[in-house]
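Input: a single structure, listed below in structure tokens.
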Amino acid sequence: MTATGRVFATPAGVRLGPVDAIMAGKARNYVLQMRSGRFHGFIVRRGDAVFGYVDRCPHAGVPLAQVLDDYLTPGGDHIACSWHGALFDIEDGLCVGGPCLGQRLTAWPVVVDAGEIVTAVPPEPPIA
Ligand code: FES
């Protein structure tokens with residue numbers, strides 16, 4: 001039986017398909033149904049680099065895009081929350097404008113392996 005709740009992380013090693021499914025400079029939504037619940041994330045592609053995030057604005061906890069795959073500003077320079085306009089750096093998810101200034105999107109670690117996007121192990125938290 002599969003849980004219907006929301007989860008905010010995935011195991012490492014899940015193959016998500018070809019990196020070419022995301023046009024350079026664009027983003028794409030991914031939904032993974034797992035036994036523990038459903039994960040919603042998105043990935044931004046910049047050249048050969050990919051940046052993944054959990055699809056949840058730190059301000060109000062809602063998914064960022066109101067239109068499928070529409071996660072970026074028109075110029076493609078930032079991730080944008082479509083509800084109240086928060087702007088986030090693509091490389092590290094830091095909010096640089098809007099109601100959650102200084103907060104971050106939750107990273108969803110992904111890498112490209114042989115032309116395919118694969119989920120990765122989250123980095124260890126720094127030792128205090
Ligand atoms: S819900 Fe994202 S900026 Fe308000």
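Order of listing sets the numbers, starting from 1, for every ligand and every atom in it.
For the salt bridge (charged side-chain N to carboxylate O under 4.0 Å, His left out) condition, the pairs that include at least one residue of residues 109-119, sequence neighbours left out, are R15-D113, R15-E116.
Taking distances strictly below 2.8 Å, the protein N/O/S atoms close to atom 4 (Fe) of ligand 1 are H59 ND1, H84 ND1.
Cluster partners of F42 are V44, F51, Y53, L64, Y71, L72, I79, F88, I90, L105, counting Ile, Leu, Val, Met, Phe, Trp and Tyr whose side-chain heavy atoms approach within less than 4.5 Å, directly or via other members. Counting side-chain heavy-atom gaps under 4.5 Å among Ile, Leu, Val, Met, Phe, Trp and Tyr, the cluster of V62 also holds W83.
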key: Derivation and outcome, side-chain contact (heavy atoms from CB on, under 4.5 Å), residues Y30 and D55   = CA-CA 9 Å; Y30 288 83; D55 193 358; over 6 Å; no

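The shortest heavy-atom contact between M34 and A9 is CE-O, 3.5 Å.
Summarising the geometry, atom CZ belonging to R28 is positioned 8.5 Å from atom CD1 belonging to I43; distances are rounded to the nearest 0.5 Å.
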